[in-house]
Amino acid sequence: MKHNLTIAVASGKGGTGKTTIAANLAYSIGYNVRLLDCDVEEPNSHIFLKPEIVSREKIGVPVPEIDESKCNYCGECGRICVFSAIVPLKDSIITFPELCHGCGGCSLVCPEKAIKEIDRETGVLEIGWSDKIEFVQGRLNIGEAMSPPLIRAVKKHVKKDGITIIDAPPGTSCPVIESVKDSDYVVLVTEPTPFGLNDLKLAVGMVRELGIPFGVVVNRATIGDRCMDSYCLKENIKILLKIPDKRKIAEAYSRGELAVNAFPEYKYIFEELFSLISGEILEETEYKL
Amino acid sequence: MKIAVTSQGDTINSPVDPRFGRAAKIFVIETDSGETRVVNNMQNVNLTQGAGIQAAENVSHLGVQYVITGHCGPKAFRTLKSAGIKVVVGAKGTIAEALEDLKTGKLTSSDNPDVEGHWI
Amino acid sequence: MKELVVISGKGGTGKTSIVASFAALAEKKVIADCDVDAADLHLILGSKIQKKNEFAGGKLAVINPDLCTGCGICTELCRFDAVSPVNGKTGIPGVSINRLMCEGCGVCANFCPVNAIELKEKVSGEWYISESRYGPMVHARLGIAEDNSGKLVSLVRLNAKNIAENRKYDLVIIDGSPGIGCPVIASVTGASLVLAVTEPTLSGLHDLKRVISLAEHFNIRLVVCINKYDINTDMSRQIEEYCLTKKLKVVGKIPYDTIVTKAQIAGASVVEYAGKPVTFSIKKMWREIFYIIG
């Protein structure tokens, strides 16, 4: 088994159970494992793992600050900026930090070296422990539009020796890509409904474009979910696990309880899931060799 | 006094374009001499981001004291203000009518943008 | 003209199902599906596309391998891990630009000493004007791994408003996306009313609080709906008490019912099923919202 493993848990549709799977998986592995909550807009895994936070770090993005005593309003910075974040006028210059992507172009191009980059706070990075599980989460400031820089900061904490479980945000756009990229495996969590299937197809497209091996967990599975089964069969996608649609599971979740704690049989189910995933990764690696 | 008016057409009888950032054209008039010119704003219409800011930046090079338009969002407003240009919103009808409204005081310059930002 | 935006913070609380029901109940309105990342509303409302438009969300750096000398300046300058060195076909080093990571900032193109990189407009999605079963609908599809969802959301919203104005309708109903970031902000700024749909779980309450903070930050009126409230009546009560402390109205408490999924599978909105408690609750909530929005 690989010593260094990163498993991302993602989904197209929100609310399918990513956090449930990620938190329970991390908990069942139990040691030499780190959970990164990259759903920085609405981080929830802390509700289930209940970590003790030992450090908090403010995370920012670099934005331009102009020394107007050096600026001659040549306009070069405005010409390079595609985001309209820096606007040189005839004899004044203004910036729109909320539009800035932190590319560094303006300060590089300024012939008078009048621009330096300062940090604009976008969120908080929190590190802690839950039993023997290492825990890292990002929490985006309210009103902040851009999450990828904060997600990048969380991703810096991928374990170099051990297992990392990533709780990704829902969807398939750039915050999800940022969370999921460079992982060894992606678990796509879905539910057997028309919305679930529709969004799963989008998520499958995403992981295929990223070129990362993946499998599916069907949450709230019912006996009649033929659409999901036939789609996965047709696409040659492995269904790793089906969690039944049971009210008691929903109730435990609503109380912030881990399934592996509330129901002893789930400890084995999630250990099995981890074995299955590790096996899939091994197979994929051997196949590539 | 030089005034810029967002315009849908090329003449002083053209209707005012209610949007600032994505207005098709900018009609410029020097009220003392009566000289006019029309500046194309089309390059901003399809901008992915910051149309209002870019339009404001373009206008700032025209040497105008006033901009008359229908609506102006916060980023464009701030850019115009930084360039020392007064912003007049709520203009309706033709450019000629808007200029008359400014003259008679029916329209005055604003201290604030009148619409929300679009996140564009 | 009024804009009602339905958001949730946490995904999966039932926003889209509720918007579909509102579409069936409301008259003279335009529907806007602003969940551009994972749009589902058309699955229930149906959509006969009348007009399709491309969405240019940004730029993409494209390398010309014939000009590249492998100097590596672009790799050094790229802040987004989008540029990496590769070995060219004839052993000459070059670079590859990862389209998923490229933010289109143009720094690489600007500083390439041999002009081997071009910054090109990219099509990052599409938006549509459609006729649904319940009237005009504007919706969109953002391409995989694309960003600038805020701009696409704004486009959908703007076009929905235009259609409403043209048809002399008073209302736009917007289905928002999960989270509190860019696409959600673009959906709610300037809206007449936000409906936050939550569920009676700890996660639901946690995320509702952040949504409420967001509405406060942008000074927008907000009301709350507790969906599937009977899954955990203690949690529901906690949510109600929290809303009370924040002086926020709970306009609906919708019971859990498997008919919601059955309706989805049938491609119907829940309120088309008469005589069910869930239908009654949604109708009652709609009347409440209609009154508040004015």
Side-chain angles (χ1 to χ4, degrees), chain A residues 11-17 19 39-44 46-48 62 80-83 101-105 108-109 140 142-148 152 169-178 181 191 193-195 198-199 202-203 205-206 209-210 222 227 247 250-251 253-256, chain C residues 8-13 16-17 36-40 43-44 58-59 77 79-80 100-101 103-107 110-111 119 142 144-147 149-150 177-186 199-204 206-207 210 213-214 216-218 228 231-232 234-235 261 264-265 267:
Chain A
S11 69
K13 190 184 179 317
T16 53
T19 302
D39 188 355
V40 301
E41 293 177 32
E42 299 283 19
N44 280 339
H46 67 96
I47 293 172
F48 300 89
I80 195 176
C81 183
V82 304
F83 306 111
H101 283 223
C103 70
L108 282 170
V109 89
L140 192 71
I142 304 288
E144 190 57 49
M146 286 192 261
S147 45
R152 276 194 280 273
T172 57
S173 61
C174 63
V176 184
I177 300 294
E178 201 61 60
K181 70 169 194 175
E191 60 179 43
T193 64
F195 292 178
N198 183 61
D199 298 352
L202 300 171
M206 170 192 69
E209 190 153 354
L210 282 169
T222 51
C227 284
R247 193 176 173 113
E251 283 169 358
Y253 172 86
S254 76
R255 291 190 300 266
Chain C
S8 60
K10 188 183 182 317
T13 56
T16 303
S17 301
V36 299
D37 197 356
D40 293 321
L43 296 174
I44 297 184
K59 297 187 157 83
L77 292 180
R79 292 260 176 102
F80 309 108
L100 295 179
M101 302 309 306
E103 296 228 349
C105 70
V107 167
N110 219 278
F111 288 96
L119 203 59
L142 188 67
I144 287 166
E146 296 297 352
D147 61 359
S149 47
S177 45
I180 53 160
C182 182
V184 179
I185 294 173
E199 58 180 35
T201 64
L202 274 175
S203 310
H206 172 272
D207 295 356
R210 283 171 68 77
S213 294
L214 186 77
E216 280 168 356
H217 182 95
F218 288 103
K228 303 176 255 189
I231 293 278
N232 187 330
D234 279 336
M235 268 315 309
T261 305
Q264 208 188 104
I265 293 171

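From a predicted model like this one, the values you see are computed outputs, not experimental measurements. The basis for the numbers below is simple: all heavy atoms, side chains too, and nothing from hydrogens, waters or symmetry mates. The sequence lines fix the lettering, A, B, ..., with proteins before strands; numbering per chain opens at 1.
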Under 4.5 Å to a heavy atom of chain C? For A:Ile47 that would be side chain
Side chain, backbone, both or neither: which part of A:Arg247 has a non-hydrogen atom closer than 4.5 Å to chain C? side chain
Using the side-chain contact (heavy atoms from CB on, under 4.5 Å) rule, pick out the option among C:Ser8, C:Ser149, C:Ser177 that qualifies with C:Val184. C:Ser177
May I ask you to name which of C:Asp37, C:Thr261, C:Thr201 has the most heavy-atom pairs under 4.5 Å with chain A? C:Asp37
Is it the side chain or the backbone of A:Phe195 that comes within 4.5 Å of chain C heavy atoms, both, or neither? both
In terms of heavy-atom pairs under 4.5 Å, which option from C:Thr13, C:Asn232, C:Ile44 contacts chain A the most? C:Asn232
Where on A:Ser173 is there a heavy atom nearer than 4.5 Å to chain C: the side chain, the backbone, both, or neither? both
Looking at chain C, which one of A:Cys81, A:Gly17, A:Gly171, A:Gly105 has the largest number of heavy-atom pairs inside 4.5 Å, strictly under? A:Gly171
Rounded to the nearest 0.5 Å, what's the gap from CZ on C:Phe80 to SG on A:Cys174? Could you check? 10.5 Å
Chain A contacts, top residue of C:Ser203, C:Pro183, C:Gly267 (heavy-atom pairs, under 4.5 Å): C:Ser203
Scored by heavy-atom pairs under 4.5 Å with chain C, the best of A:Pro62, A:Pro43, A:Ala203, A:Ser11 is A:Pro43
Let's test your reading of the structure: which of C:Leu77, C:Asp207, C:Val107 forms the most heavy-atom pairs below 4.5 Å with chain A? C:Asp207
Answer yes or no: is there a side-chain heavy-atom contact under 4.5 Å between C:Leu43 and C:Gln264? no
Does the side chain of A:Asp39 come within less than 4.5 Å of A:Pro170's, by heavy atoms? yes
Residues at least two apart in sequence or cross-chain that pass side-chain contact (heavy atoms from CB on, under 4.5 Å) with C:Leu119, listed by chain then number, are A:Val82, C:Lys59, C:Ala61
Most heavy-atom pairs under 4.5 angstrom with chain C, which of A:Gly104, A:Ala250, A:Gly12? A:Gly104
Of C:Glu216, C:Met101, C:Lys10, C:His206, the largest count of non-hydrogen pairs under 4.5 angstrom with chain A goes to C:His206
Part of C:Pro200 lying under 4.5 Å from any heavy atom of chain A: backbone
Interatomic spacing from CG in A:Asn198 to SG in A:Cys227 - rounded to 0.5 Å: 12.0 Å
How many angstroms lie between OH in A:Tyr253 and CG in C:Leu202, if you round to the nearest 0.5 Å? 9.5 Å
Heavy-atom proximity to chain C below 4.5 Å, by part of A:Ile142: both
Partners of A:Ile80 by side-chain contact (heavy atoms from CB on, under 4.5 Å), sequence neighbours excluded? A:Val109, C:Asn110, C:Phe111
How far does CG of A:Leu210 sit from CD1 of A:Ile177, to the nearest 0.5 angstrom? 4.5 Å
I need the residue from A:Met206, A:Glu209, A:Lys13 with the largest number of non-hydrogen atom pairs under 4.5 Å to chain C. A:Glu209
Largest heavy-atom contact set with chain C, pairs under 4.5 Å, which of A:Glu178, A:His46, A:Glu191: A:His46
Could you look at C:Leu214 and say if it's the side chain, the backbone, both or neither that has a heavy atom under 4.5 Å from chain A? both
State the CG-CG distance between C:Asp40 and A:Asp199, to the nearest 0.5 angstrom. 4.0 Å
Heavy-atom contact with chain C under 4.5 Å, split by part of A:Pro169: neither
Do C:Arg79 and A:His101 pass the side-chain contact (heavy atoms from CB on, under 4.5 Å) test, and can you show the C-alpha distance, the side-chain angles, and the key distance before you say yes or no? CA-CA 10 Å; C:Arg79 292 260 176 102; A:His101 283 223; over 6 Å; no
